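Encoded as C-alpha cells, the structure appears first; notes follow it.
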Amino acid sequence: MGVKKRILGCLVALALLCTMAGCEAVEEGGERGKDWDYTVVPTADIPADFLAEIDSKKINAFQMSYQEAEYLYIAVGYGEQASGGFNIKVVGLYEQGNSLCMETSLNGPGEDETVSDKASYPYIVVKTQKTDKDVKYVT
C-alpha cells in the first residue's frame, strides 16, 4: 500500500511539472530580476478564508495566491505524501519580466529520520508586499 501511494505521489508531481509554466518560459532569455522580501507564515497567521481554501485543496498539489490589504499571500502545496517528514524550501521569490516567481522544492525525510507512516500534506505560505504582477510557480 505504501508503494502505491509513493508512485501516485510521484505521478502527481510529474504531472504538475509538465503542466506548469515556469518562470524560465516567461521571457525567452529573460534573467532573474530583483529578489523580493517575504516571510513564511505560520498556520495560525494565515487569513481564515485562504486557510479554508488551502485545506480544501491540500490533498492534491496546488499553487495559489491571495491578496489582502497591502499583502500578497502565496501558497504552494505538494499534495498527499505517504509519510511525515517532508518539508518545503523556498528557493526564491523574485521578479522576472512582468511576473513574480515563487520557486520552491520539496524535501523528503532523511534515510535515518524516524517518521510517521501517516500521510502528510506539506504546503508553505509566504507573505510579501501586494503587487499587480502575475505570480508564476517554479518547483
Side-chain angles (χ1 to χ4, degrees):
M1 188 75 144
V3 171
K4 288 181 182 178
K5 284 185 179 181
R6 287 179 193 215
I7 291 172
L8 178 61
C10 289
L11 290 174
V12 168
L14 181 60
L16 179 65
L17 288 172
C18 291
T19 60
M20 280 193 306
C23 284
E24 298 301 327
V26 172
E27 283 187 347
E28 188 135 330
E31 293 185 22
R32 180 175 166 152
K34 176 184 138 195
D35 285 332
W36 278 47
D37 291 331
Y38 65 89
T39 304
V40 175
V41 182
T43 303
D45 295 340
I46 298 171
D49 292 346
F50 194 40
L51 183 58
E53 191 173 348
I54 290 169
D55 283 339
S56 73
K57 294 182 178 185
K58 69 182 181 183
I59 194 164
N60 297 309
F62 67 86
Q63 305 86 30
M64 58 185 162
S65 61
Y66 176 86
Q67 291 196 34
E68 178 183 79
E70 72 253 25
Y71 297 110
L72 169 65
Y73 295 84
I74 304 170
V76 175
Y78 283 79
E80 183 176 19
Q81 303 299 313
S83 68
F86 288 84
N87 64 68
I88 299 171
K89 177 183 175 187
V90 177
V91 176
L93 182 64
Y94 53 89
E95 292 179 4
Q96 187 173 50
N98 293 326
S99 298
L100 179 62
C101 299
M102 171 74 163
E103 187 172 353
T104 61
S105 66
L106 177 66
N107 301 308
E111 289 184 26
D112 296 336
E113 188 175 344
T114 303
V115 296
S116 165
D117 286 339
K118 186 176 176 186
S120 64
Y121 308 89
Y123 66 86
I124 193 167
V125 177
V126 301
K127 177 172 80 171
T128 191
Q129 64 201 30
K130 190 174 179 178
T131 181
D132 291 330
K133 292 182 176 289
D134 292 329
V135 178
K136 303 292 182 184
Y137 302 89
V138 182
T139 55

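All values reported here derive from a predicted model rather than from experimental measurement. Values below: all heavy atoms of this structure, side chains included; hydrogens, waters and symmetry mates excluded.
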Residues 49-57, side-chain donor-acceptor partners within the protein, below 3.5 Å, at least two apart:
residue, atom, partner, partner atom, Å
Glu53, OE2, Lys57, NZ, 3.3
Ser56, OG, Glu53, O, 2.8

Picking from Thr104, Val126, Val138, what satisfies side-chain contact (heavy atoms from CB on, under 4.5 Å) with Val76?
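Exactly one candidate clears the test, Thr104.
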If every non-hydrogen atom of Gln96 is compared with every non-hydrogen atom of Cys101, which pair is closest and at what distance?
CB-SG, 3.9 Å
Evaluate side-chain contact (heavy atoms from CB on, under 4.5 Å) for Leu106 paired with Gln81, printing each intermediate quantity in order.
CA-CA 11 Å; Leu106 177 66; Gln81 303 299 313; 3.9 Å; yes
To the nearest 0.5 angstrom, please state how far the [atom1] atom of [X] sits from the [atom2] atom of [Y].
{"X": "Gln63", "Y": "Tyr123", "atom1": "CD", "atom2": "OH", "answer": "15.5 Å"}
{"X": "Tyr121", "Y": "Asn60", "atom1": "OH", "atom2": "CG", "answer": "10.0 Å"}
{"X": "Lys127", "Y": "Tyr73", "atom1": "NZ", "atom2": "OH", "answer": "4.5 Å"}
{"X": "Gln129", "Y": "Tyr38", "atom1": "CD", "atom2": "OH", "answer": "14.0 Å"}
{"X": "Ile74", "Y": "Leu93", "atom1": "CD1", "atom2": "CG", "answer": "5.0 Å"}
{"X": "Asp132", "Y": "Leu72", "atom1": "CG", "atom2": "CG", "answer": "10.5 Å"}

Check the hydrophobic clustering (I, L, V, M, F, W, Y; side-chain heavy atoms under 4.5 Å; chains of links allowed) and say if Val91 and Phe86 are grouped together.
no
Please examine the side chains of Tyr66 and Ile46, heavy atoms only from C-beta on, and report whether any two atoms are closer than 4.5 Å.
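Contact flag for Ile46/Tyr66 side chains = no.
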